[in-house]
Amino acid sequence: MDVRAEARRVASIATVFIWVGWLMVVYAITAGVLWWIDLSSRQSLNFLEALGLSLDVVAGPLFLALIVAGLGHFARLFALYMADRAVA
């Protein structure tokens, strides 16, 4: 089995994880900001209450998105390490 070909395959899959993870981060932050603007414009909530509610809702998806992106970065580093060991 060619280790370099497998490392290349892992790196390409990891690249997808990185893109999806960072796009999810951008989406979560954008959704949180828009929801915070919507909540702060209401009369029943003040500035800090709206910020707390929007941060509470955005924290979970943001954390999961960062885990996905981190997993992709780790897999790319692992593929680079395995390809380097196959050459040596």
Nearest 0.5 Å please: distance from the [atom1] atom of [X] over to the [atom2] atom of [Y].
X	Y	atom1	atom2	answer
M82	L80	CE	CG	11.5 Å
I67	L62	CD1	CG	10.5 Å
R4	D84	CZ	CG	10.0 Å

Taking only residues two or more places apart in sequence or in another chain, which ones pass side-chain contact (heavy atoms from CB on, under 4.5 Å) with [X]?
X	answer
L23	none
A69	W22
I37	V33
L45	L39, E49, L53

Residue pairs meeting salt bridge (charged side-chain N to carboxylate O under 4.0 Å, His left out), one or both in residues 15-26, sequence neighbours left out, come to none
Quick note, salt bridge (charged side-chain N to carboxylate O under 4.0 Å, His left out) partners involving residues 57-75, not counting sequence neighbours, are none
With [X] via side chain to side chain donor-acceptor pair (under 3.5 Å) - residues at least two apart:
X	answer
D38	R42
Y81	R85
W19	none
T15	R76

So ring-ring contact (aromatic ring centres under 6.0 Å, His included) across residues 23-67, not counting sequence neighbours, yields W36-F47
#### Entry: Shared hydrophobic cluster, V10 / F74 (ILVMFWY, side-chain heavy atoms < 4.5 Å)
no
Are L66 and V58 joined in one hydrophobic group, where the rule is that I, L, V, M, F, W and Y side chains link up if heavy atoms are under 4.5 Å apart? yes
Applying salt bridge (charged side-chain N to carboxylate O under 4.0 Å, His left out) to R9 and not counting sequence neighbours gives E6
In short, S54 meets G32 closest at the heavy-atom pair CB-O, 3.8 Å
Scanning both residues in full, the closest heavy-atom pair of A14 with A75 reads CB-CB, 3.5 Å
